[in-house]
K.L.:
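Structure in structure tokens, see below.
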Amino acid sequence: MKKELAKQYEPSEVEARIYQSWLEKDCFRAERTPGGKPYTIVIPPPNVTGQLHMGHALDETLQDILIRWRRMQGYDTLWLPGVDHAAISTEAKIVAEMAQEGLTKEDIGYEKFMERAWRWKEKYGGRILAQLRALGSSCDWSRERFTMDEGCSRAVREVFYNLYQKGLIYRGERIINWCPCCQTSLSDAEVEHEDREGAFWHIRYPFAQGDGFILVATTRPETMLGDTAVAVHPEDGRYAAQVGRMLRLPLTDREIPLVADAYVETDFGTGAVKITPAHDPNDFEVGRRHGLPVRNVMTEDGHMNENAGIYAGMDRYECRKAVVAALEAQGLLLKTEPTRHAVGVCYRCRTVVEPRVSLQWFVKMQPLAVPAIAAVREGTIRFVPERFEKNYLRWMENLRDWCISRQIWWGHRIPVWYCDSCGAQICAKEDPAGCPHCGAALRQDPDTLDTWFSSALWPFSTLGWPEKTSDLDYFYPTSTLVTGYDIITFWVSRMIFSGLEHTGRAPFSTVLVHGLIRDAQGRKMSKSMGNGIDPLDIIAQYGTDALRFALATGNSPGNDMRFSEEKVAASRNFANKLWNAARFLLMHLPADGAVAPLPETLALEDADAWILSRQNTLVREVTESLEAFELGIAAQKLYDFLWDEFCDWYIELSKPRLQGGGEAAGQALAVLVFVFGRTLQLLHPFMPFLTEEIWGSLPRAQGGAHGSIMLSRWPEYDESRCFPVQEARLQAVMGAIRAVRNRRSEMNVPPSRRAKLFIETAQPEIYAAAAVFFQRLAGASAVELAGGGAAPPKDAVRIVCGGATISIPLGELVDLAAERARLEKELAGTEKQLNGIRAKLGSEGFLSKAPAQVVQAQRENAAQLEEKAAALRETLRAL
RNA sequence: GGACGUUUAGCUCAGUUGGUAGAGCAUUCGCUUGACGUGCGAAGGGUCAGCGGUUCGAGUCCGUUAACGUCCACCA
């Protein structure tokens with residue numbers, strides 16, 4: 001039956017209903033088919049800290065496009081959703097929330113805090129999943145996971161245990177990055193570098209015995225309280241004689257040695273470096289080599305400790321000022337040189353990180369990095385675009401051991417227990433009841449794991465690993481990983497070495513990397529700047545499909561993209577355009593809603609053959625673009641085809657037949673429905689709701705009822721539907737129509753003024769068949785074809801285009817002198833073009849070296865231009 | 001200090017095996033055209049950042065310069 005559609009597309013009315021219907025029909029559930037082809041994507045799990053932003057919207061849209069396309073192609077698709085516990089970030093948010101109530105973690109204790117954290121996870125995790133659904137994401141919700149759920153936690157234990165047993169996880173005292181604000185250690189990847197204003201203080205360290213001093217320079221004078229030596233280069237002549245002497249450390253009563261170490265560069269600063277093993281990674285190494293004591297002078301919250309003497313209790317920056325002032329007072333500060341230098345800051349709270357000696361857990365990276373490098377080098381894993389491989393490789397090749405312990409509560413506890421009575425250290429997959437050696441009670445390590453430790457396992461932990469589940473067997477390794485370039489080091493790299501180490505296989509074959517979404521001014525969207533845009537607001541205003549299409553179009557992989565509402569509005573207009581095309585088709589549907597079968601090839605009119613042929617090409621191009629991960633190009637091609645070729649041309653060309661009724665109308669309608677339906681299928685991955693809604697209102701396809709478009713079969717290129725001859729004929733007709741419109745417009749001929757067209761051409765049959773199109777689309781009252789020597793009318797405008805010369809008798813509007821001038825100008829332009837091509841065709845190099853196809857095309861081009869020039873000359877003579 | 005990216009119409013950006021430049025928005029002109037004014041038709045607008053090279057031919061490949069941006073880097 002015919003269905004009436006509203007004049008404008010109202011996304012809010014259809015989206016929820018359609019999403020619900022997909023859920024009811026269980027369309028998203030991944031099935032394992034014996035002998036089937038799996039296609040798997042695991043979602044980059046959004047943090048439970050908040051809500052989705054535009055970057056997520058882009059990420060999810062790209063994944064959904066791939067998944068929906070592969071599903072239609074007949075793959076067993078699995079898009080596995082879930083969220084990440086985001087250890088430090090989430091804990092920081094909860095702590096901040098508690099602070100508003102005047103509470104601290106310690107106030108409420110571990111148990112209560114964890115209860116609170118889980119409540120947080122339920123609340124925000126749920127919100128994020130709702131947002132994912134609003135985006136139209138076709139995730140298999142029955143397989144939803146969380147990085148701290150039972151299964152993922154088991155995988156974490158298993159991995160920790162295995163690495164521990166292999167000696168790839170160890171505990172040790174090392175210099176780590178410490179965030180005094182979050183009060184936890186950080187991995188190298190979690191430290192960002194920012195240029196900040198600072199100073200280079202030159203300080204005198206007097207010799208303990210006798211006169212003289214050594215001048216050292218530092219940017220962190222407060223750490224001098226922890227100095228245990230000064231180092232110079234062994235071959236530095238300036239100091240050679242002094243090495244081994246003792247220095248009096250200013251502001252303290254300690255004496256420290258002057259040592260020689262090749263790490264020092266003679267030509268930087270003063271050539272003498274104060275050595276603070278507890279607060280600098282290099283100094284730590286120097287200290288080791290020389291057996292220097294490690295003297296920690298700071299507390300975990302960035303204050304000075306009891307080792308700092310009178311400065312104990314001061315904030316580290318207060319202390320810096322005090323130390324500088326004291327040195328100055330004692331005449332030991334030689335100079336203060338302002339400088340801008342990079343300091344490490346915490347990636348979550350941007351507090352300046354303090355290098356600090358601390359007992360932490362580490363993953364030994366070297367053995368894990370080797371195969372992870374090889375996998376990318378050898379092409380087992382491919383990055384799109386390719387350039388990100390360099391990024392990845394550089395990082396992988398320069399890895400230091402990964403500090404994985406965090407001094408926070410929200411996260412996976414480290415599965416290691418200590419026996420205080422016999423000193424045993426036990427790592428176990430299951431919580432041990434007591435010490436296996438002496439039976440005493442055990443104490444579990446209080447630390448938790450880096451949040452990325454669990455997300456590194458995401459591609460297989462979510463499929464059931466370490467169990468050998470059917471899902472793991474069928475859907476792993478996953479196919480494509482879609483993510484922003486900002487987390488390649490944090491996440492992608494760690495998934496790669498984890499997958500290789502624990503499953504023996506690369507976790508995915510392709511990494512599709514996208515850029516960041518910026519605001520209209522090109523700034524990064526952020527909460528603090530208040531320039532973030534909530535995807536849900538945009539969806540409410542323009543619809544999900546419009547947002548998705550805007551995000552998928554007009555950018556290339558890996559490049560940042562500015563978000564502009566205008567672009568979404570343009571996509572909304574596109575949706576509305578299609579909606580109205582659908583209305584048009586339905587309007588012409590017979591009462592019983594039946595559509596004739598597609599006409600036999602021989603019965604096709606030129607216009608039908610043209611649009612079928614063009615659509616067939618579109619199928620190939622869109623499919624190829626998707627295969628190559630060129631989603632933006634695919635979307636652009638769909639937009640151009642649907643708006644220009646289908647709506648603006650084919651629909652207009654079909655109107656005479658539709659309005660004429662009868663068999664011709666049925667044939668036109670059959671082609672319209674076929675082409676439109678087939679193209680909607682191609683568009684479905686990009687605009688799932690609109691296409692589903694229209695699909696549901698279109699008459700059933702030949703051969704019976706159809707169900708959801710999302711489960712329909714992806715169109716395939718059909719050799720038998722290529723009609724190059726008809727394409728060329730239509731191209732000539734369209735070109736002529738455009739040329740007539742152009743002339744009329746230039747001359748300000750009102751559309752109401754119709755005029756006869758007199759056409760001289762060597763191919764009259766093309767134009768005769770198109771007479772009705774000239775009448776409808778080019779303001780023609782009638783079309784007369786030259787034949788039998790009929791002369792073109794006087795007082796006419798002449799148009800030379802394609803293979804025809806068209807005269808439009810416009811009587812008093814025609815200024816013959818102006819016509820002559822215009823035609824002469826056109827002739828000059830044509831000849832100029834022609835000369836260019838002739839020069840090319842006359843060149844030996846071109847003829848011998850250019851491919852035959854190109855030469856042939858130029859020859860045809862030249863022939864056409866010659867024909868045009870001749871026609872122009874002829875027209876001018878007759879004028 | 002390295003590496004990478006960007007530089008194409010007024011604005012935002014496409015342009016993938018090198019073959020005579022495209023879209024959206026904006027601008028100008030015209031239109032109650034029986035799907036759509038969230039529309040239709042037409043127009044203007046680019047020495048594809050500069051220089052050099054390879055090539056019959058370069059926005060596209062190579063080198064180099066400049067501006068902007070990003071990532072990496074323990075020079076105290």
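Note that this is a predicted model, so its numbers are computed, not measured. Reminder, nothing fancy here: chain letters follow the sequence lines and each chain counts from 1.
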K.L.:
So which nucleotide from rA42(B), rA76(B), rA35(B) ends up closest to the side chain of His588(A)?
P.N.:
rA35(B)
K.L.:
Have Gln833(A) and Arg838(A) got a donor and an acceptor in their side chains that come within less than 3.5 Å?
P.N.:
no
K.L.:
Identify which nucleotide among rC40(B), rA35(B), rC72(B) has an atom closest to any side-chain atom of Arg394(A), counting heavy atoms from C-beta outward.
P.N.:
rC72(B)
K.L.:
Please report, rounded to the nearest Å, how far the P atom of rC72(B) is from the CD1 atom of Ile488(A).
P.N.:
11 Å
K.L.:
Please classify the nucleic acid contact of Arg387(A) as base, sugar-phosphate, or nothing, using heavy-atom distances under 4.0 Å.
P.N.:
sugar-phosphate
K.L.:
With heavy atoms under 4.0 Å as the rule, sort Asn555(A) into base, sugar-phosphate or nothing.
P.N.:
sugar-phosphate
K.L.:
When we call it a touch if two heavy atoms are under 4.0 Å apart, what does Arg738(A) touch: a base, just sugar-phosphate, or nothing?
P.N.:
sugar-phosphate
K.L.:
For Lys840(A) and rG18(B), give me the distance from atom NZ to atom C1', rounded to whole Å.
P.N.:
11 Å
K.L.:
Rounded off to whole Å, could you give me the CD-to-P distance for the Gln833(A) and rA21(B) pair?
P.N.:
10 Å
K.L.:
The side chain of Gln858(A) lies closest to which of these nucleotides: rG19(B), rA14(B), rA35(B)?
P.N.:
rG19(B)
K.L.:
Just one of Arg316(A), Lys274(A), Glu354(A), Arg295(A) clears the side-chain hydrogen bond (donor to acceptor under 3.5 Å, both in side chains) bar with Thr223(A), so which one?
P.N.:
Lys274(A)
K.L.:
Does Asn559(A) contact rU6(B) through a side-chain donor or acceptor facing the base, at a distance under 3.5 Å?
P.N.:
no
K.L.:
Could you give the CD-to-P distance, from Glu397(A) to rC72(B), as a whole number of Å?
P.N.:
16 Å
K.L.:
Take the protein atom CD of Gln853(A) and the nucleotide atom C1' of rG19(B), then report the distance between them rounded to whole Å.
P.N.:
11 Å
K.L.:
Which dot-bracket notation, 5' to 3', represents the base pairing of RNA chain B when pairs are defined as Watson-Crick or G-U with both distances under 3.5 Å, crossing pairs as [ ], and inter-strand pairs as |?
P.N.:
((((((((.[[[[.)...(..]]]].(((((.......))))).....[[[[[..)....]]]]])))))))....
K.L.:
Looking at Asn391(A), does any N or O in its side chain come under 4.0 Å of the phosphate oxygens OP1/OP2 on rC72(B)?
P.N.:
no
K.L.:
Pick one: which of Val345(A), Val343(A), Val353(A) meets side-chain contact (heavy atoms from CB on, under 4.5 Å) with Glu192(A)?
P.N.:
Val345(A)
K.L.:
Starting at atom CZ of Phe383(A), determine the distance to atom C1' of rG5(B), rounded to an integer number of angstrom.
P.N.:
17 Å
K.L.:
Round to a whole Å and report the spacing from CG of Asp261(A) to C1' of rC74(B).
P.N.:
14 Å
K.L.:
Go through rA23(B), rC13(B), rU38(B) for me and flag the one nearest to the Arg562(A) side chain.
P.N.:
rC13(B)
K.L.:
Would you say a side-chain N or O of Asn573(A) is under 4.0 Å from OP1 or OP2 of rG39(B)?
P.N.:
yes
K.L.:
Let me know the distance between CD of Gln541(A) and P of rU38(B), rounded to the nearest Å.
P.N.:
15 Å
K.L.:
Does Lys390(A) make a side-chain donor-acceptor contact with the base of rC4(B), cut-off 3.5 Å?
P.N.:
no
